[in-house]
Amino acid sequence: MLYIKCPHCGMRSQNEFSYGGDATIKRPELGKEISDQDWDNFVYNRKSLRGKHWELWQHISGCRQWIKVERDTATHEIFNTLKANEEISL
Amino acid sequence: MSLISALAKVHHPGQFGDFEDKKGDDLLKISEKKNLLIVQIVQFKNSNISTDSIDIDGLNLKDTPLNVTFNKNTRILWNGPKNWLLVSSNKDLIKNISLTCKETDFAVTDLSHSRAVIEIEGNYAIEVLKKGSPFNFGVLKKNNSINSLYNNITFTVDLLNDKPFKVRLFALRSFGESLYHSITDSSLEFGYENK
Amino acid sequence: MTQNFRLESGGLINRGKKISFKFNGKNYFGYEGDTLASALIANGVHLIGRSFKYHRPRGFFGAGVDEPYAIVQLYRNGETEPNIKATEQELFEGLEAKSVNCWPSVNFDVGAINNFLKIFLPAGFYYKTFMWPKSFWYKIYEPFIRKAAGLGTASIKHDKERYEHKYEYCDLLITGSGPSGLASAYAAAKNGAKVILAEDKSRFGGTLLTSDVNIGNQSGKEWADSIVSELKEMSNVTIKNRSQVFGYYDHNMLVMSERISDHLPKTKKYHPKQKLWYIRAKEVLISSGSIERPIVFGNNDTPGVMLSSAAKEYMKVYGVLVGKKPLIFTNNDSGYETAIEFKKNGINPIILDTRKEPQSEIIDEAKNMNINIKNSYVVVAAQGYKKVKSADIAKISDDKEKLGSIENIDCDCICVSGFWTPTIHLASQSGNKTKFKEEIDAFVPGTSKQNEKTLGAANGIFTLEETLKDSFEQGNRLSKKITNNDNKVSFPNVVEKKSAVHDKFWCVPLPKGKNYKRFLDFQNDVAVSDIEIALKEGYRSIEHVKRYTTLGMATDQGKTSNLNGLQLVSKIENKVVPAVGHTTFRPPYTPVSIGAIVGREVGKHSKPTRKSPMHSWHEKNNAVFVDAGVWLRPRYYKRGDENLFEASKREAKNVRTNVGVCDVTTLGKIDIKGPDAAELLNRVYTNAWLKLPIGKARYGVMLREDGIVMDDGTTTRISENHYHMTTTTAQAANVLSHLEYYLQLVWPELNVNVVSTTEQWAGAAIAGPKSRDLLKKLFPKSDVTNEGLPFMGYIEGDLFGVKAKIFRISFSGELAYEVNVESDYGYFMWEKIIEIGEEFGIQPYGTEALSTLRIEMGHVAGSELDGRTIPYDNSLEGLLSKKKDFIGKRSLTRKAFAAEDRQKIVGVVPLDKKTSIPEGSHLVKDSNAPLPNPKLGYISASCWSVEHDNPFSLAILKDGKNMIGKKLFVMSPLKNKVIPVEIVSSHYVDPKGERVRS
Amino acid sequence: MQKYSVFSLVKNALSNHENWDLAWKDPTPKKEYDVVIIGGGGHGLATAYYLAKEHNITNVAIIEKGWIGGGNVGRNTTIIRSNYMHDDNALFSEFGMDLWRRMSQDLNYNVMFSPRGIINLAHSDAQMNTYARRGNSMRLNGIDAVLLNREEVKEIIPMADFSDNVRFPIFGGLMQPSAGTARHDAVAWGYARQADDMGVDIIQNCEVIGFDVSAGKINGVRTSRGDIKAKKIGLCVAGSTNILAEKLNMTLPIETHLLQACVSEPVKPVLDKVVTFGAGHFYISQSDKGEMVMGGDLDGYNSYAQRGNLPTLQHVLTEGIAMMPFLSKLKMLRTWGGIMDMSMDGSPIIDKTHIEGLYLNCGWCYGGFKATPASGWTFAHTIAQDRVHELNAGYSLNRFNTGHLLDEKGLGTKTWIS
């Protein structure tokens with residue numbers, strides 16, 4: 001079971017969280033014209049990197065905050081976690 | 001008009017499980033806490049008000065994980081960033097909160113009826129929690145609280161005392177009977193007395 | 001009965017307490033502290049079972065967890081358990097066990113015919129045959145093969161035992177209580193670290209219980225005992241026997257199974273049989289020791305052939321002789337220790353040592369005891385069928401290729417030692433890339449991956465002094481890192497005998513003209529010849545070899561066979577062992593009962609149950625419940641002999657004619673507060689929300705980003721910045737999370753708080769033409785006229801002293817209201833509604849009547865909003881704002897979503913107005929068309945329309961918009977039904993929606 | 001090629017099993033092939049076999065990073081079925097069922113296809129209706145399906161929980177009698193042996209490093225064993241699709257996730273059907289060896305680790321015991337994890353790509369094993385003819401753009417929710 005550092009609550013077990021997928025995907029701005037390709041990239045297409053990547057989790061049985069987690073998808077090692085309003089620096 | 005609490009149907013007085021030859025704090029005591037005021041207080045993101053200046057029943061809102069500020073009647077549990085759960089036996093306090101926490105800066109939501117509350121006292125109370133919750137109770141000190149889960153039911157733990165342990169558990173009301181089952185079933189090994 | 005093989009004295013058993021047990025129907029006795037294996041051996045029983053494939057006789061090979069074949073069916077307290085290792089099962093009064101995989105008995109087993117056919121049954125034989133005729137595999141061959149396999153028998157009775165879990169955190173977890181485990185635990189504990197020490201066996205001490213060493217002027221066992229008793233006294237130490245750490249998972253989470261009651265005749269009431277510990281450790285010290293390797297030779301699976309360390313353990317721990325004419329076959333000094341122990345107990349062993357002229361203290365001691373030692377000798381084959389009777393032995397050349405002439409010598413057991421294999425499973429599970437250590441011919445852990453260190457024999461260190469030194473040091477170092485204490489433990493004086501180098505020898509060559517089976521994997525009957533065939537056929541990767549031959553895939557998971565298999569492959573392929581590689585170690589280290597993994601969440605409690613505050617009223621009034629997610633909801637209220645159909649029709653009819661009340665507490669409720677609340681709603685719902693007046697409700701639909709309908713519900717503006725949202729029961733949690741996602745990550749500029757208030761409010765829907773009359777009586781102080789509380793209006797009321805929220809909304813299509821009160825008052829509210837409603841003919845109605853009402857009204861619900869439909873499909877396109885953007889809007893422009901002949905919701909009526917249409921049927925044009933018959937749509941929901949008194953269904957139909965008035969067929973081949981139907985509007989009742997506004 | 005039969009077995013036994021041929025060779029890669037298939041799993045091997053057999057294209061190489069059959073074909077729960085609701089899925093899978101029925105004879109390799117039947121248990125009337133929708137759809141597509149009531153289920157699988165102490169009582173089930181299981185390794189080996197015999201080069205321990213693409217056309221592949229030229233390249237690497245797509249600058253509607261499975265210790269035959277739990281996600285069958293083969297949910301986060309964590313298995317086995325309480329007394333013997341392509345609508349992709357000569361076969365989610373023959377057959381067709389066959393027309397890559405989705409479960413793009 002993963003041990004995830006919630007930036008609000010501290011180290012917590014994975015089963016307090018629910019997964020939210022790739023954290024680097026930005027929702028296009030409401031009301032803005034967007035190409036089919038860009039929309040598909042937002043809705044469907046995923047890099048799903050092997051190695052370090054940023055992903056979302058919600059601390060659903062904790063503080064209910066969405067957080068950003070940098071984790072290695074090959075080893076499951078976690079390097080960093082950020083609050084929802086903190087920007088990922090790639 | 002009659003009030004029916006969340007666990008009224010399942011919580012009955014008596015001694016259960018492996019209670020024989022056990023006494024004092026070695027026998028767990030389990031009770032339902034009823035008729036509490038439970039209020040969620042959330043400060044909006046753009047609010048500039050310092051929560052240290054907020055005074056509710058003489059207590060401040062402290063944005064510190066695990067922290068519980070408390071007095072005789074009232075406990076304010078940290079529930080998340082700028083998010084608190086106030087629990088009080090003083091039902092009238094709700095008016096005070098609404099006046100203190102203005103709606104331009106705070107969302108105040110009465111959740112008094114939305115929780116089932118179980119209190120466990122005794123030396124083995126934390127052992128019972130360890131049977132179903134993945135939280136590291138080694139870091140939970142007296143007057144700390146956390147949200148976690150117990151056998152897949154989200155719950156809040158408030159540690160009121162540690163010698164012997166006295167903990168209050170809050171779960172969503174509709175899950176109350178299931179959590180109650182889980183907790184009492186875990187307590188059978190130690191034996192427990194229902195109050 | 002006397003125990004012919006029990007020593008007069010010695011061992012760690014309690015000779016004061018006799019324990020009787022049964023094996024294969026015969027009565028025996030043993031002593032407290034025996035295992036089933038030691039007690040059987042004491043009684044001279046060596047034939048335990050039969051092997052998997054050839055049904056060859058099987059006895060005991062080891063004395064613990066590595067045992068490949070002493071597997072029995074256990075009977076305990078009226079229950080039976082398959083596949084119990086006799087070497088691990090502690091004896092208890094009344095224990096019963098039986099042999100497995102043999103018929104009619106272990107002595108005479110018909111399946112043993114396979115043994116004579118074995119040349120026709122090489123590795124992979126089943127891939128090459130059993131193919132003709134085609135149908136015979138499934139009908140004839142497979143059932144036969146399945147029956148022959150399988151070891152023990154599973155009872156299909158429900159398990160009555162309790163299993164519990166425990167989540168624990170510690171500074172150091174130490175796995176194994178041998179010298180390295182005890183030393184490191186002691187050092188760490190003295191430094192104040194929180195330590196958990198786990199031992200699989202019932203006794204602490206590991207090899208210290210059997211080795212002839214001296215630590216600090218105490219015997220190994222005395223030293224172990226003193227450390228253990230000291231550790232037990234320390235409050236920062238948890239020391240557990242009968243506890244196997246079987247899995248090393250991510251982020252230093254390890255899992256341990258504690259066998260609390262398996263050694264008892266029955267489990268104590270209220271206590272678990274086993275407890276599963278999830279342990280998160282800051283540091284892990286793996287002190288799991290090593291397992292002795294067999295040497296491979298002819299018929300090496302004959303009962304009586306066993307590991308030399310096991311023979312020693314049976315003597316020293318259990319006071320049991322595994323034989324009286326022992327032959328020791330060794331390539332290292334360990335065999336000598338066993339021989340010396342035999343000699344001390346008055347038995348004359350013969351040692352065959354593969355080495356030519358080894359010299360060491362231990363060998364000298366054996367020589368001084370006049371033990372017969374034959375150097376450069378090997379066992380070529382064991383003789384005897386159900387028990388070793390003699391051994392064919394021969395001299396072996398220095399290059400270990402050629403055998404001398406074969407001699408036969410009498411013996412009743414052959415104790416084998418092929419040196420030691422470190423138990424690296426946990427380190428490997430942790431992610432540690434193990435490395436091959438030439439000096440010991442085995443793998444050892446490499447660089448630590450997680451916070452784990454491996455000590456002692458598990459790390460390939462086989463001298464006690466070095467082990468203790470390293471263990472004290474690591475225990476001190478790691479605990480110091482955590483506690484910052486530095487209490488050094490003084491290092492005791494260690495006396496042990498030095499060993500000579502072992503011989504790199506693991507397999508005896510076949511003598512000319514002999515065709516002995518030389519087994520690697522004893523349980524699965526995998527022999528050297530099988531590996532040779534696999535390689536010859538090109539199955540060369542070690543994974544291919546393993547899968548083709550089933551090497552190492554038995555219940556012992558290759559603990560004694562994997563390394564020898566690797567050696568063989570490396571020799572044939574002419575590669576070094578590490579180039580052949582080894583298969584990955586995966587949890588569990590030893591099989592773990594599924595009950596323990598699951599814990600207490602079984603039966604009724606396998607998932608939580610959610611109940612409304614009115615649940616007990618429903619129970620008292622004959623409600624039949626239905627699962628809605630994990631909620632329980634009344635489906636109907638049974639009166640007399642009514643069935644579901646009759647009751648729901650009655651309830652629905654009563655709503656249409658009088659008034660009904662339905663528990664709607666389960667609907668999700670979300671309290672939305674903040675200056676930007678309206679803006680949030682405007683973005684997540686498809687319709688416009690910025691101008692909703694205070695005190696008004698509005699119906700809304702929300703989409704996923706892919707354009708599919710996610711949920712629907714009404715939201716009410718309670719005050720300027722306060723909204724009360726409702727969701728469907730099923731989507732409540734998802735919608736809340738969805739809102740939090742957008743508020744926290746996408747639009748952090750919005751100042752809004754969302755919180756679930758589902759449980760805060762008990763909800764009752766009051767529906768029917770007389771609902772307003774009832775409401776007037778419930779809320780005499782409120783104006784509930786059509787003007788005072790119009791459709792989609794909201795007021796607060798006073799229900800006999802209880803504050804209530806009254807929403808005029810309708811799911812049934814009738815004049816209807818939804819009343820919410822705080823949950824503690826829910827029961828009170830419900831009783832009042834029933835009591836006062838009596839004069840209006842009120843009846844409670846369940847979800848089934850609710851469905852009927854909504855279906856004939858054409859309201860969509862879960863069966864239409866099934867995660868695959870867009871608003872258009874559900875005739876909800878009127879709710880799509882053209883002026884503003886909203887979540888998922890962009891996706892609706894896609895080709896298939898905008899197609900002219902897109903599916904749409906319609907009504908379906910059978911032409912005969914009588915035949916009910918089964919849900920899940922499909923609509924076709926031609927019921928006689930050849931298959932595949934093109935489907936035009938499907939029946940999403942069916943009811944008996946109480947308004948029209950005939951069947952009515954909703955369907956999602958291709959080009960539905962243009963199909964109204966057409967005649968089609970409904971087909972349900974599953975129910976053998978073809979029903980001619982007419983397509984009508986989905987609004988079968990009150991299409992203009994006048995009733996809800998009346 | 002040596003033909004396998006009882007006679008060959010006896011003959012070889014009498015000559016001490018010393019004369020068996022290689023099942024497949026171990027060739028050095030050539031400089032150029034007509035077609036290169038990347039991925040020596042079930043689908044890749046089957047594709048090569050059908051390229052040779054159906055299209056007479058034999059100058060083919062399969063390149064595999066590790067050892068053939070080491071991916072998901074070697075680590076699945078071996079279930080074979082065609083009980084799908086959507087026509088595209090159903091007709092494709094049923095075509096595959098026909099290939100399964102003939103496979104042992106076609107390949108002269110006993111893959112032990114065992115049509116013992118699969119039962120999906122239902123725990124409410126609503127679920128019975130959902131199953132009816134699927135079952136009726138199957139029947140109208142010419143696939144066998146039977147709706148069972150509670151009593152009928154009890155007759156067939158009495159060890160399921162029919163007691164009162166049950167959270168989700170069994171209402172009935174949907175059975176596909178012709179569904180079943182097969183010996184997974186044998187499928188890979190059988191295809192490999194025949195493909196090799198027809199001239200296909202099976203190249204193991206050969207890792208793809210990059211691709212040679214110019215002017216929108218594929219020219220070859222760069223590997224750890226040198227550059228290999230090919231006009232056509234088929235990608236067949238479920239679990240590594242995203243990794244290779246990155247080397248091609250493609251982003252696909254796929255995430256890579258981890259799925260665990262486990263087996264119990266072997267016991268005598270007790271369960272002769274494949275059974276799935278309807279109030280959660282759990283499936284079980286008993287292998288010929290006697291082991292209970294069990295699986296369920298994904299671990300639920302992107303992963304390439306091939307190693308899972310216990311809570312997922314705990315969750316899966318909790319549902320197992322809820323369905324069949326007797327499992328509690330068995331012991332879990334072995335667990336493993338496989339990494340899989342989770343596509344955004346739960347259905348696969350077999351299609352051409354925007355790069356000429358590059359073909360894509362991916363996105364199999366949980367269902368890759370059963371699709372092995374049909375996937376190989378249609379992918380071979382797509383590569384050989386440079387156009388999709390009507391059987392895989394629905395599995396297009398652009399369906400995510402056009403909205404022609406094949407979502408059996410209605411869960412949308414959160415692929416980690418199962």
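In the text below, chain A, chain B and the rest are named by the order of the sequence lines, each starting its count at 1.
- When heavy atoms are compared at a cutoff of 4.5 Å, C/Lys449 approaches chain A solely by way of its side chain, counted from C-beta outward.
- With a 4.5 Å cut-off on non-hydrogen atoms, C/Phe886 touches chain A through its backbone but not through its side chain.
- Ranking C/Leu736, C/Asn252, C/Val255 against chain A, the residue ahead of the rest is C/Leu736, based on heavy-atom pairs under 4.5 Å.
- Comparing A/Trp39, A/Tyr44, A/Phe42 by how many heavy-atom pairs each has under 4.5 Å with chain C, the most go to A/Trp39.
- Contacts of A/Glu77 with chain C are made by backbone atoms alone, with heavy-atom separations under 4.5 Å and no side-chain atom involved.
- Around atom CD of A/Glu29, no more than 12 heavy atoms belonging to other residues, nucleotides or ligands sit under 6.0 Å away.
- In this structure, chain A has a heavy atom under 4.5 Å from the side chain of C/Arg280, while its backbone stays farther away.
- Other residues, nucleotides and ligands contribute over 12 non-hydrogen atoms within 6.0 Å of the NZ atom of C/Lys884.
- There is no contact between C/Thr893 and chain A, counting heavy-atom distances below 4.5 Å.
- Judged purely by atom type and a 3.5 angstrom limit, C/His251 uses its side chain to pair as donor or acceptor with the backbone of A/Tyr3.
- Contacts with chain C were tallied for A/Asp40, A/Ile4, A/Ile34, A/Ile60; A/Ile34 has the most, counting heavy-atom pairs under 4.5 Å.
- Heavy atoms only, all atoms of each residue included: C/Asp250 and A/Thr75 are closest at OD1-O, 3.9 Å.
- A side-chain donor-acceptor contact under 3.5 Å links C/Gln744 to the backbone of A/Arg64.
- Remark: C/Tyr167 OH to A/Ser13 OG distance equals 7.5 Å, nearest 0.5 Å.
- The aromatic rings of A/Trp66 and C/Tyr741 sit perpendicular, their planes meeting at an angle over 60°, well past the 30° parallel limit.
- No part of A/Lys83 comes within reach of chain C, as not one of its non-hydrogen atoms sits under 4.5 angstrom from that chain.
- Between the C/Asp885 side chain and the A/Leu30 main chain, no donor and acceptor come within less than 3.5 Å of each other.
- For the pair C/Arg890 and A/Asp36, the salt-bridge criterion is met [side-chain N within less than 4.0 Å of a carboxylate O].
- No donor-acceptor pair under 3.5 Å is formed between the side chain of A/His76 and the backbone N or O of C/Tyr249.
- The CD atom of C/Glu705 sits 11.0 Å away from atom CD1 of A/Ile25, with the distance rounded to the nearest 0.5 Å.
- In this structure, C/Leu745 CG and A/Gln58 CD are separated by 9.0 Å, a value rounded to the nearest 0.5 Å.
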